[in-house]
Amino acid sequence: MKKIWHSTFVIMLVSTLAACASQTSQPEPAEKETPKVEVPEEKPSVEPEVKPEPKPEVKPEEKPTPPPVVQEKKTSEGKLILGEKEWVYIPGLEQSFRARVDTGATTSSISAVDIVPFERDGKDWVKFKMEHDGVSSKEIALPVERWVKIKQSSADGSQRRAVIYAWIQIGDLKEKTEFTLADRTHLSYPVLLGRSFFRDVAVVDVSKKYVQSKHK
């Protein structure tokens with residue numbers, strides 16, 4: 001009886017261990033993985049660059065060029081029109097010089113240097129050169145029409161100057177007129193035209209300059 005119980009106890013113990021071993025050896029159910037759902041990455045929407053349409057070029061309205069103003073050179077009576085300044089051509093010297101037209105001067109004047117009086121056939125003559133702005137002309141000799149005394153405010157006493165006749169040309173007018181010989185190298189204009197020249201042949205408009213064409 002004691003052996004039977006002992007055997008029964010052993011069998012029960014073995015059965016219990018076997019049951020435990022079978023429970024232990026059973027693998028645990030694997031944890032189910034939640035399937036990943038790929039969500040497509042949303043890219044920021046980029047609006048296409050819209051270039052502004054070029055504005056049509058607006059050209060400024062071209063104004064018609066006014067016709068050149070034709071400056072009258074003579075009056076209706078045929079007299080020469082002179083401005084305050086004119087070009088004077090002296091045939092004897094074959095040169096053109098700038099001249100100031102002075103309505104307040106009686107006699108015309110020309111810039112002369114190296115003035116040498118002399119006699120020829122019993123008459124007074126004078127030889128001189130015209131000089132201005134460093135340019136000197138060839139020597140010229142002319143008879144003296146008369147002698148005048150010029151009183152200058154900047155100096156005491158008076159100067160004796162020769163008056164000669166010479167041909168000059170302004171525009172298409174060629175005229176012989178008298179000139180006083182004086183050193184004008186310190187002045188702006190080598191020739192001064194006074195009333196004795198333009199009194200009967202020209203009118204003066206001091207608002208104009210170089211109305212007459214320069215002699216070529």
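- Using a 4.5 Å heavy-atom threshold, the side chains of Glu86 and Val211 count as touching.
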Checking side chain to side chain contact (heavy atoms under 4.5 Å, CB included) for the pair Ile170/Gln212: CA distance, chi angles, key distance, verdict?
CA-CA 7 Å; Ile170 301 181; Gln212 304 300 321; 3.7 Å; yes
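- Using a 4.0 Å cut-off between charged nitrogen and carboxylate oxygen, Glu178 and Arg146 count as a salt-bridge pair.
- Side-chain atoms of Glu139 never come within 3.5 Å of backbone atoms of Ala141 as a donor-acceptor pair (strictly under, hydrogens ignored).
- Here the closest heavy-atom approach between residue Phe97 and residue Pro190 is recorded as CB-CG, 3.9 Å.
- The shortest heavy-atom contact between Val88 and Ala99 is CG2-CB, 3.4 Å.
- Residues Ile168 and Phe179 have side chains in contact (heavy-atom distance under 4.5 Å, counting atoms from C-beta outward).
- The same ILVMFWY cluster, assembled from side-chain heavy atoms under 4.5 Å apart, contains both Val191 and Val126.
- At a threshold of 4.5 Å between non-hydrogen side-chain atoms, the residues Gln95 and Ile90 do not count as touching.
- Both Tyr189 and Trp87 are part of a single hydrophobic cluster, where members link through side-chain heavy atoms under 4.5 Å apart.
- In terms of heavy-atom proximity, Ile164 sits nearest to Val144 at CG2-CA, 4.3 Å.
- With salt bridges taken as basic N to acidic carboxylate O contacts below 4.0 Å, one links Asp172 and Lys74.
- For the pair His215 and Ser96, the tightest heavy-atom approach, listed with the atom from each and the gap, is O-OG, 3.7 Å.
- Side-chain contact check for Ile115 versus Val113: every heavy-atom pair is 4.5 Å or farther apart.
- At least one side-chain heavy atom of Trp167 sits under 4.5 Å from a side-chain heavy atom of Lys174.
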Output, in order, the C-alpha distance, side-chain angles, deciding distance and verdict of side chain to side chain contact (heavy atoms under 4.5 Å, CB included) for Phe198 and Lys79.
CA-CA 9 Å; Phe198 57 77; Lys79 289 186 177 182; over 6 Å; no
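- Atom CG of residue Asp102 and atom CG of residue Leu192 lie 5.0 Å apart, to the nearest 0.5 angstrom.
- Between the side chain of Arg100 and the main chain of Leu193, no donor-acceptor pair closer than 3.5 Å is present.
- To the nearest 0.5 angstrom, Arg199 atom CZ is 9.0 Å from Thr177 atom OG1.
- The CZ atom of Phe197 sits 7.0 Å away from the CG atom of Leu80 when rounded to the nearest 0.5 Å.
- Taken from CG in Asp205 to CG in Leu82, the straight-line distance is 10.0 Å, to the nearest 0.5 Å.
- Rounding to the nearest 0.5 Å places NZ of Lys209 at 6.0 Å from CD of Glu84.
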Met130 and Ile110: side chain to side chain contact (heavy atoms under 4.5 Å, CB included), yes or no, with the steps?
CA-CA 8 Å; Met130 188 171 177; Ile110 193 169; 3.6 Å; yes
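- You'll find the side chain of Arg98 reaches within 4.5 Å of the side chain of Tyr210, heavy atoms only.
- Note that CG of Leu187 and OG1 of Thr185 are 7.5 Å apart. Values are rounded to the nearest 0.5 Å.
- Nearest heavy atoms, Ser111 versus Arg184: OG-N, 3.2 Å.
- Smallest separation of non-hydrogen atoms from Leu93 and Ser137: CD2-OG, 3.7 Å.
- The stretch residues 113-132 participates, sequence neighbours left out, in these side-chain hydrogen bond (donor to acceptor under 3.5 Å, both in side chains) pairs: Asp124-Trp147.
- Side-chain contact annotation: Arg161 with Thr180, donor-acceptor N/O pair under 3.5 Å absent.
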